[in-house]
K.L.:
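Can you read through this structure? Questions will come right after.
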Amino acid sequence: MTKRTVPGVDDARAWNERLAWAYHLIAADPAERAVALDRLDRARAKTQAAIDHYNQIWSAANRFGPHPRKRTAAKQAFEEAASRSLPEALWTGRGHADLRRWPGLPYAVLYLEWEARYPQQWTRHAKMWGVKQALIRQLATAGHDAGTRAKLVDLVDLVVRRAYRCKDREYVRLARAVDGPDLRARLTAARHSPDPWARLHAAYVLWLLDHPEKPNTRHVWKTWLNENAPAPHLRHGSGA
């Protein structure tokens with residue numbers, strides 16, 4: 001009998017067997033990304049069908065009485081389908097006791113990197129702002145291994161250099177968690193970028209790193225913005 005895998009509790013090898021293809025979502029080659037996007041769409045469709053079937057079983061149970069075997073089978077089918085799709089495979093990880101030791105961690109980082117590099121494709125194919133927010137908050141902790149920490153520094157740098165998107169404010173938590181000379185060097189470079197938003201955003205994040213007592217609120221952003229006299233067309237940004 002085949003062992004059933006469940007996202008969040010099985011090992012890294014099982015995660016890779018199910019989702020290694022998802023790394024092509026951040027490939028430089030558009031054709032390679034297109035193949036991965038097609039596979040993702042099919043995986044998400046299967047997951048949605050499994051959810052619909054599970055809900056039908058529950059609805060029938062409410063009308064005609066419980067069907068524990070059918071409910072168990074429907075739940076297992078949903079978990080199996082979800083484990084092969086993004087971001088559905090990450091839902092269980094949001095409640096993991098220590099995300100740093102969660103075998104799905106590389107795919108949580110991948111989901112965020114995909115959104116940072118190809119935001120339009122992410123929005124069209126797998127947008128879940130709540131999952132994005134929850135993952136960033138859980139990743140915003142010290143003690144990551146060197147490889148993961150380097151990826152998180154890359155993420156902060158990518159986000160600082162682009163136009164603001166929903167929930168990007170959460171990345172300040174991540175910047176504070178992975179603060180160090182390497183991150184500050186990246187932010188300093190962005191501060192001298194030809195892009196005015198990157199310059200402004202990097203300066204603000206560096207200022208917040210130097211003032212850990214300051215909350216990253218809209219009021220703090222606007223106060224800092226006024227005191228630093230940016231170009232008028234940047235005064236109405238949404239903040240970090």
K.L.:
Please enumerate all residues that pass side-chain hydrogen bond (donor to acceptor under 3.5 Å, both in side chains) together with Asp210, with sequence neighbours excluded.
P.N.:
Arg184
K.L.:
Using the rule that two of Ile, Leu, Val, Met, Phe, Trp, Tyr join whenever any of their side-chain heavy atoms come within less than 4.5 Å, decide whether Val205 and Leu158 are in one cluster.
P.N.:
no
K.L.:
To the nearest 0.5 Å, what is the distance between CG on Asn216 and CZ on Arg169?
P.N.:
5.5 Å
K.L.:
Which class fits the ring pair Trp197 and His201: parallel under 30°, tilted 30 to 60°, perpendicular over 60°?
P.N.:
tilted
K.L.:
Is it possible for you to check whether Arg33 lies under 6.0 Å from the centre of the six-membered ring of Tyr118, through NZ or CZ, and within 45° of that ring's axis?
P.N.:
yes
K.L.:
Under the rule for ring-ring contact (aromatic ring centres under 6.0 Å, His included), what residues qualify as partners of Trp129, not counting sequence neighbours?
P.N.:
Trp122
K.L.:
Do Trp114 and Val35 land in one hydrophobic cluster if side-chain heavy atoms of ILVMFWY residues count as linked below 4.5 Å?
P.N.:
no
K.L.:
Is there a donor-acceptor contact under 3.5 Å from the side chain of Thr47 to the main chain of Ala81?
P.N.:
yes
K.L.:
Taking Leu37 as the starting point, is it possible to reach Leu86 by hopping between hydrophobic residues whose side chains are less than 4.5 Å apart?
P.N.:
yes
K.L.:
Under the rule for ring-ring contact (aromatic ring centres under 6.0 Å, His included), what residues qualify as partners of His53, not counting sequence neighbours?
P.N.:
none
K.L.:
What salt bridge (Lys or Arg N to Asp or Glu O under 4.0 Å) pairs are there with at least one residue in residues 128-144, not counting sequence neighbours?
P.N.:
Glu115-Lys132, Lys132-Asp168, Arg137-Glu170
K.L.:
Ring centres of Tyr23 and Tyr107 under 6.0 Å apart?
P.N.:
yes
K.L.:
Only counting residues at least two apart or in another chain, list the ones meeting salt bridge (charged side-chain N to carboxylate O under 4.0 Å, His left out) with Asp154.
P.N.:
Arg186
K.L.:
Side-chain donor-acceptor pair under 3.5 Å between Thr123 and Arg165, yes or no?
P.N.:
yes
K.L.:
Which residue is it: Leu209, Asp179, Val153, Asp182? I am looking for the one with a side chain to side chain contact (heavy atoms under 4.5 Å, CB included) to Leu187.
P.N.:
Leu209
K.L.:
Under a 3.5 Å cutoff, is there a donor and acceptor pairing between the side chains of Ser85 and Glu88?
P.N.:
yes
K.L.:
Please name all residues satisfying salt bridge (charged side-chain N to carboxylate O under 4.0 Å, His left out) with Asp52, sequence neighbours left out, ordered by chain then number.
P.N.:
none
K.L.:
Under a 3.5 Å distance rule, please check whether Arg149 uses its side chain to pair with a backbone N or O of Val178 as donor and acceptor.
P.N.:
yes
K.L.:
Side chains of Tyr204 and Asn228: donor-acceptor distance under 3.5 Å anywhere?
P.N.:
no
K.L.:
Do Trp15 and Trp102 have ring centroids that are under 6.0 Å from one another?
P.N.:
yes
